[in-house]
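This report concerns only the one structure given below.
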Number of protein chains: 2
Amino acid sequence: MQGEDLLPLLRKLQSIGDPTDAERKAFVELRPTIRVLDAQEDIVREGQQPSIVCLILEGFACRYATVPSGRRQILSLHIPGDIPDLQSLFIKVMDHNLATLVPTKVALIPHAAMRNLIDRNHRVAHLLWRDSLVDAAIFRKWIVGIGRRSAYARFAHLVCEFAMRMHAVGLMEKDVCAMPFTQADIADALGLSSVHVSRVLSRLRKEGLFTWSDGVLTIRNWPRLQKAAEFDPSYLQLDSVVGSDGLGSR
Amino acid sequence: MQGEDLLPLLRKLQSIGDPTDAERKAFVELRPTIRVLDAQEDIVREGQQPSIVCLILEGFACRYATVPSGRRQILSLHIPGDIPDLQSLFIKVMDHNLATLVPTKVALIPHAAMRNLIDRNHRVAHLLWRDSLVDAAIFRKWIVGIGRRSAYARFAHLVCEFAMRMHAVGLMEKDVCAMPFTQADIADALGLSSVHVSRVLSRLRKEGLFTWSDGVLTIRNWPRLQKAAEFDPSYLQLDSVVGSDGLGSR
DNA sequence: CGCAATATTGACCATCATCAATTGGCGTGG
DNA sequence: CCACGCCAATTGATGATGGTCAATATTGCG
């Protein structure tokens, strides 16, 4: 694993807690297997009992489930620095799927190595526990959005959340970042149809809140977008990374 | 705290992991403050920074959030044995509210005592971490339900989940348990209007899947209910408690 | 007995889903 | 180089699910 691969993870750890150099080093020394996966590739499937966890280095993944009618619900979007299946350390059987959305570079870390790390170092354990609690906080916001917000606000909220998280791991330049998903992906994340996503998107575009084409997201009017989304970023627990420059300061 | 107060918690610990007697005892010895709260009383509010966690001994609580339009979304229902705000140990500012639904007896445990317990005893820490991961698994199922299931299946799913959890902590007798909520509560949990809940309920009743009146839930036809709900209980991680008698065996 | 909260029912309407046709971009192979 | 096919996105037409409003039980409770 190259040093630069870990930048997002290290930035994320920084945002979660305040790791010491030794703790940072412990992650670097996990010496995982590096893999580059295709787009739309399942990493772990519902019902499986993985013996590794997956750290995203480059690219994007999602967790999703399908219902008997065949419809898909995306549960979360994952960006570099995330460990989307950390829960598999304590919950043996997967209750959902993890898949790439685009070609993605991952680090595969054996459960044994993670357990070792956790058992040795309480602070790291608490850092990871805290990470899984932020993960749960994001789930809660999605429930609120899908349950009680209009398609319009829901979409805007997803964009705000995504942009903030990308910013936190250093993957946002000014108001621009990668967001290489299809409208069908977004639809499955928001509990909508792809047709409706297209319509709502055209409205958001018309109103100049953001643009999104060719997989590139550009925030055009952060204050108005945030307002449309009813977005309050505090649940992401990113205080330590949102400094005087980025999105948070507007 | 009387011995019998802790029965649901102990049963729940049993379901989460496999605590030793010493670990059980550690919980009993936390010596928390006992309080009996009214119905509809907020225990912690969004934005607050609690210094205690709340263990439910008797009664029911929920976590909820409201959106600017005034609509409420219930994020989770909590039954005896649950510690709904365990996350406040690691995430200082509440991103949602915790409230009772009926008169409820709680044990309030200082963060310091919990931290102490966690730091002393890794296995207990892992038990609680695991509990928070099951909590997240429940959130995921709710996202799938609200996003991709019909009102009918969603309601049925909630009933299945509730019944299984009540069963796991010993609060179900045969096919009967308390479920003292209003239809408006259920509506806010399912992301529906209370009017629609009333309609869907009458259909479920007509079809003989379950009855629910005067706060008492009676499962009438578990196999058909489970099918209508598209319910697979594995995500609740209750294997160890669902023996040859209860719901799981039908 | 009467009030308040909850539940039910009907009428109407909005949001969003579904179906279908069309467009545009892009890679591939003739 | 262009034709073809594929996929994503767009747009229109229609319809279903579920929301809102309002009137009417029903229940519990002081």
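For clarity, every value in this text was computed on a predicted model and none was experimentally measured. Just so we're on the same page: letters track the sequence lines, and every chain starts at 1.
Partners of Arg154(B) according to the salt bridge (Lys or Arg N to Asp or Glu O under 4.0 Å) rule, which considers only residues two or more places apart in sequence or in another chain, do not exist here. By the salt bridge (Lys or Arg N to Asp or Glu O under 4.0 Å) test, Asp135(B) pairs with Arg63(B), sequence neighbours left out. Residues satisfying the salt bridge (Lys or Arg N to Asp or Glu O under 4.0 Å) criterion with Arg72(B), sequence neighbours excluded, are Asp185(B), Asp188(B). Partners of Asn97(A) by side-chain hydrogen bond (donor to acceptor under 3.5 Å, both in side chains), not counting sequence neighbours: none found. Every salt bridge (Lys or Arg N to Asp or Glu O under 4.0 Å) that Asp42(A) has, sequence neighbours left out, goes to Arg45(A).
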Between N or O atoms, less than 3.5 Å apart, protein on one side and nucleotides 25-27 of chain C on the other: list the pairs.
none

Pairs under 3.5 Å (N/O, protein and nucleotides 4-7 of chain C):
| unit_1 | atom_1 | unit_2 | atom_2 | d |
| --- | --- | --- | --- | --- |
| dA7(C) | OP2 | Gln183(B) | N | 2.8 |

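Listed by first and then second residue, the salt bridge (charged side-chain N to carboxylate O under 4.0 Å, His left out) pairs involving residues 214-225 of chain A amount to none (not counting sequence neighbours). Identified under the salt bridge (charged side-chain N to carboxylate O under 4.0 Å, His left out) test for residues 196-206 of chain B, with sequence neighbours left out: Arg203(B)-Glu207(B). Note on residues 131-160 of chain A: pairs passing ring-ring contact (aromatic ring centres under 6.0 Å, His included), not counting sequence neighbours, are Phe155(A)-Phe210(A), His157(A)-Phe231(A).
Each end of the helix from dC1(C)-dG30(D) to dG30(C)-dC1(D) gets its own axis from five base pairs, and the two axes differ in direction by 30°, given to 10 degrees.
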Starting at the 5' end of nucleotides 14-22 of chain D, put B wherever the base has a protein heavy atom under 4.0 Å, S where only the sugar-phosphate does, and a dash everywhere else. ----BSBB-
